Trainee: 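Before anything else, here's the structure in question.
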Amino acid sequence: MPHKYDTVFFEKDLLLFRIKLNEYQIDQFLKYYELLIKWNSFMNLTAITEFESVFKKHFVDSLSLIKAVPDIEDHSYFVIDIGTGAGFPGIPLKIAFPKLKITLLDSLNKRVKFLNEVIDALELKDISAIHGRAEDFAQQKNMRETFDLCVSRAVANLSTLSEYCIPFVKRNGLFISYKSEKIMEEYENAKSAIRLLGGRYENQIEFYLPESDIYRNLFLIRKEKLTPSKFPRKAGLPSKDPI
C-alpha cells in the first residue's frame with residue numbers, strides 16, 4: 001500500500017549517514033509523526049509541525065548521533081535521553097537501531113504520557129519513559145553510572161547539562177550533547193565542571209543537516225572517573241547556579 005506521505009527525501013538524507021531503514025521502520029516514523037501532530041494540537045510538544053521539517057529537523061537530526069558513535073547499529077548500548085521532550089533523540093534512535101536499550105527521562109508527566117502512547121503504538125521494546133528530574137534519578141543506585149551513552153538535545157548551557165548528564169554515565173561511557181551553535185565559549189565556561197564531574201572533552205563533530213544550511217554540533221564528553229556523590233546537587237541548583 002503506498003504511503004500518503006513521500007519519504008524519499010528522508011531516506012536520501014539518512015543514506016548520507018549510512019543509515020538504511022526498512023519499510024516497517026519507515027511506517028513507525030510515519031506513525032510517530034501522526035501521533036506527534038495529534039498530541040501537539042492540545043499540548044505543546046513542538047513548534048515544528050510541517051512534515052518535511054519534522055523529519056529533517058527532528059528525526060534526521062536525532063539520528064545524526066551515528067556520526068559520533070559509528071558502531072551504534074551493532075551494539076545493545078544502554079542509552080538515557082535526558083530532557084527528552086517529545087522523544088528526541090531517543091525514539092528515533094530506538095526505531096532506527098532496535099538493539100539499543102533506551103530510557104527516556106522528562107520532568108513533565110503529560111509528555112511522558114505521550115511518549116508511552118508512542119512506545120505502545122509503535123510496539124517498541126526495551127524502551128521506557130520516566131517522569132522525573134535528572135537531579136533526583138541520578139542519585140538512584142540502579143540509574144547512577146549505569147549507562148553507556150547519555151544523550152541530550154535539551155536547551156541548557158553545557159555546565160548545567162553536564163551536571164544533569166555525566167552522573168548517569170558509566171566509566172568510559174559518553175555524554176553527547178546535541179548543540180545547534182558553536183559552543184567553544186560554552187565549553188570554556190564548563191571545563192572545570194566537566195572535570196569535577198569525572199569527564200573530559202573528547203571531540204566535537206560539526207556538520208550541516210543534509211540538503212540544508214542547518215548547523216549541528218555533537219559535543220562528546222568521555223567519563224573517566226566516578227562522579228563525586230554530592231553531584232548532581234538538589235533539584236533546581238544546576239540551572240540556577242552552574243558549577
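Treat the numbers as computed from the prediction; the structure is a model and nothing was measured.
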Trainee: Within the 3.5 Å criterion, strictly below it, is a donor on Gln204 or Asn217 matched to an acceptor on the partner's side chain?
Mentor: yes
Trainee: With the threshold set at 4.0 Å, does a side-chain nitrogen-carboxylate oxygen contact exist between Lys234 and Asp136?
Mentor: no
Trainee: Mind checking the CG-CZ spacing from Leu35 to Phe114? Nearest 0.5 Å is all I need.
Mentor: 6.0 Å
Trainee: Are Phe147 and Leu197 connected in the hydrophobic side-chain network, where two residues link if heavy atoms are under 4.5 Å apart?
Mentor: yes
Trainee: Salt bridge check: are Glu202 and Lys223 linked by an N-O gap of less than 4.0 Å?
Mentor: no
Trainee: Write down the atom of Lys99, the atom of Lys94, and the distance for their closest heavy-atom approach.
Mentor: C-NZ, 4.4 Å
Trainee: Show, in sequence, the C-alpha distance, side-chain angles and deciding distance for Lys12 and Val8, and conclude whether the side chain to side chain contact (heavy atoms under 4.5 Å, CB included) test is met.
Mentor: CA-CA 6 Å; Lys12 277 185 175 173; Val8 170; 4.1 Å; yes
Trainee: With clusters defined by side-chain heavy atoms of hydrophobic residues (ILVMFWY) lying less than 4.5 Å apart, directly or transitively, does Ile194 cluster with Tyr178?
Mentor: no
Trainee: When you compare the side chain of Leu158 with that of Asn189, does any pair of heavy atoms fall below 4.5 Å?
Mentor: no
Trainee: With distance as the sole test, does Gln140 use its side chain to make a donor-acceptor pair with the main-chain N or O of Met143 at under 3.5 Å?
Mentor: no
Trainee: Hey, are Glu34 and Tyr5 close enough side-chain-wise for a donor-acceptor pair under 3.5 Å?
Mentor: yes
Trainee: Work out which heavy atom in Asp81 is nearest to a heavy atom in Gly90; give both atom names and the distance.
Mentor: OD2-N, 2.9 Å
Trainee: State, yes or no, whether a side-chain contact exists between Tyr32 and Gln28 at a heavy-atom distance under 4.5 Å.
Mentor: no
Trainee: Quick check for you: to the nearest 0.5 Å, what is the distance between Thr46 atom OG1 and Asn40 atom CG?
Mentor: 6.0 Å
Trainee: For the CD atom on Glu206, are there more than 12 heavy atoms of other groups (residues, nucleotides or ligands in this structure) within a distance under 6.0 Å?
Mentor: yes
Trainee: Can you find a pair of side-chain heavy atoms, one from Val169 and one from Leu149, that are under 4.5 Å apart?
Mentor: no
Trainee: Determine, stepwise, if the pair Tyr77 / Asp71 fulfils side-chain hydrogen bond (donor to acceptor under 3.5 Å, both in side chains).
Mentor: CA-CA 10 Å; Tyr77 289 129; Asp71 64 351; 2.9 Å; yes
Trainee: Nearest 0.5 Å, what's the OH-NZ distance between Tyr201 and Lys191?
Mentor: 10.0 Å
Trainee: Looking at Leu174, is its backbone amide N or carbonyl O close enough to the side chain of Arg222 to form a donor-acceptor pair, meaning the two atoms are under 3.5 Å apart?
Mentor: no
Trainee: Look at Arg233 together with Glu163 and state whether they make a salt bridge at an N to O cut-off of under 4.0 Å.
Mentor: yes
Trainee: Does the salt bridge (Lys or Arg N to Asp or Glu O under 4.0 Å) test come out yes or no for Lys179 and Glu186, once each step is laid out?
Mentor: CA-CA 11 Å; Lys179 289 290 186 180; Glu186 248 185 73; 3.0 Å; yes
Trainee: How about CZ on Phe42, more than 12 heavy atoms from neighbouring residues, nucleotides or ligands closer than 6.0 Å, or not?
Mentor: yes
Trainee: Provide the closest heavy-atom pair for Phe168 versus Ala134 in the form atom of the first, atom of the second, distance.
Mentor: CZ-O, 3.7 Å
Trainee: Could you check if a side-chain atom of Pro210 sits within less than 4.5 angstrom of a side-chain atom of Val60, using non-hydrogen atoms only?
Mentor: yes
Trainee: How about Thr103 and Val79: do any of their side-chain heavy atoms sit closer than 4.5 Å?
Mentor: no
Trainee: Look at the rings of Phe59 and Phe29 and say which category their plane angle falls in: under 30° parallel, 30 to 60° tilted, over 60° perpendicular.
Mentor: tilted
Trainee: Any salt bridge between Asp61 and Arg153, counting N to O under 4.0 Å?
Mentor: yes
Trainee: For Glu188, is the CD atom crowded, meaning more than 12 foreign heavy atoms sit under 6.0 Å from it?
Mentor: yes
Trainee: Would you call the rings of Phe55 and Phe9 parallel, tilted or perpendicular if under 30° counts as parallel and over 60° as perpendicular?
Mentor: perpendicular
Trainee: According to a hydrophobic-cluster definition based on side-chain heavy atoms being under 4.5 Å apart (Ile, Leu, Val, Met, Phe, Trp, Tyr only), do Leu218 and Ile221 belong together?
Mentor: no
Trainee: So, does Ser62 use its side chain to make a donor-acceptor pair with the main chain of Phe88 at under 3.5 Å?
Mentor: no
Trainee: Compare all side-chain heavy atoms of Leu65 with those of Val151 and state whether any distance is below 4.5 angstrom.
Mentor: yes
Trainee: For Ile95 and Leu124: C-alpha separation, side-chain torsions, deciding distance, then whether side chain to side chain contact (heavy atoms under 4.5 Å, CB included) applies.
Mentor: CA-CA 8 Å; Ile95 296 170; Leu124 299 173; 4.3 Å; yes
Trainee: When rounded to the nearest 0.5 angstrom, what is the spacing between CG in Asp13 and CG in Leu63?
Mentor: 10.5 Å
Trainee: In terms of side-chain geometry, is the basic nitrogen of Arg18 or Glu73 positioned less than 4.0 Å from the acidic oxygen of its partner?
Mentor: no
Trainee: Say you draw a straight line from CZ of Phe97 to CD1 of Ile72; how long is it, rounded to the nearest 0.5 Å?
Mentor: 5.5 Å
Trainee: For Glu185, does the CD atom have more than 12 heavy-atom neighbours from other residues, nucleotides or ligands under 6.0 Å away?
Mentor: no
Trainee: Of all heavy-atom pairs between Arg133 and Ala235, which one has the smallest distance, and what is that distance?
Mentor: NE-CB, 3.5 Å
Trainee: If you look at every heavy atom in Ser76 and Lys101, which pair is closest and at what distance?
Mentor: CB-NZ, 4.1 Å
Trainee: So, do Leu14 and Leu21 sit near enough that their side-chain heavy atoms are less than 4.5 Å apart?
Mentor: yes
Trainee: What pair of heavy atoms forms the shortest contact from Leu220 to Ala68, and how long is it?
Mentor: CD1-CB, 3.8 Å
Trainee: Going by the angle between their ring planes, with limits at 30° and 60°, are Phe219 and Tyr187 parallel, tilted or perpendicular?
Mentor: tilted
Trainee: Working note: Glu224 + Arg195, criterion salt bridge (Lys or Arg N to Asp or Glu O under 4.0 Å); need CA distance, chi angles, decisive distance, verdict.
Mentor: CA-CA 9 Å; Glu224 286 195 314; Arg195 197 162 48 244; over 6 Å; no
Trainee: Does a salt bridge link Lys38 with Glu117, judged by any charged N lying under 4.0 Å from a carboxylate O?
Mentor: yes
Trainee: Applying side chain to side chain contact (heavy atoms under 4.5 Å, CB included) to Ile130 and Val112, what does each step give before you reach the verdict?
Mentor: CA-CA 7 Å; Ile130 299 174; Val112 172; over 6 Å; no
Trainee: Do Thr7 and Leu30 come within less than 4.5 Å of each other through their side chains, counting heavy atoms only?
Mentor: yes
Trainee: Go through Ser107 and His131 one step at a time and tell me if the side-chain hydrogen bond (donor to acceptor under 3.5 Å, both in side chains) criterion holds.
Mentor: CA-CA 5 Å; Ser107 60; His131 170 233; over 6 Å; no
Trainee: So, Phe207 versus Tyr215, ring centres under 6.0 angstrom or not?
Mentor: no
Trainee: Any link between Ile205 and Phe175 through a network of hydrophobic side chains (Ile, Leu, Val, Met, Phe, Trp, Tyr) touching at under 4.5 Å?
Mentor: no
Trainee: Using a strict cut-off of less than 4.0 Å between a Lys/Arg side-chain nitrogen and an Asp/Glu carboxylate oxygen, indicate whether Glu145 and Lys170 qualify as a salt bridge.
Mentor: no
Trainee: Could you state whether Leu36 and Leu108 fall into the same hydrophobic cluster, counting links through intermediate Ile, Leu, Val, Met, Phe, Trp or Tyr residues with side-chain heavy atoms under 4.5 angstrom apart?
Mentor: no
Trainee: Measure from NZ or CZ of Lys56 to the centre of the six-membered ring of Phe10 and say whether it is under 6.0 Å with the direction within 45° of the ring axis.
Mentor: no
Trainee: Show the numbers, then the answer: is there a side chain to side chain contact (heavy atoms under 4.5 Å, CB included) between Leu104 and Ser128?
Mentor: CA-CA 6 Å; Leu104 307 170; Ser128 60; over 6 Å; no
Trainee: To the nearest 0.5 angstrom, please state how far the CD1 atom of Ile82 sits from the CG atom of Leu105.
Mentor: 4.5 Å
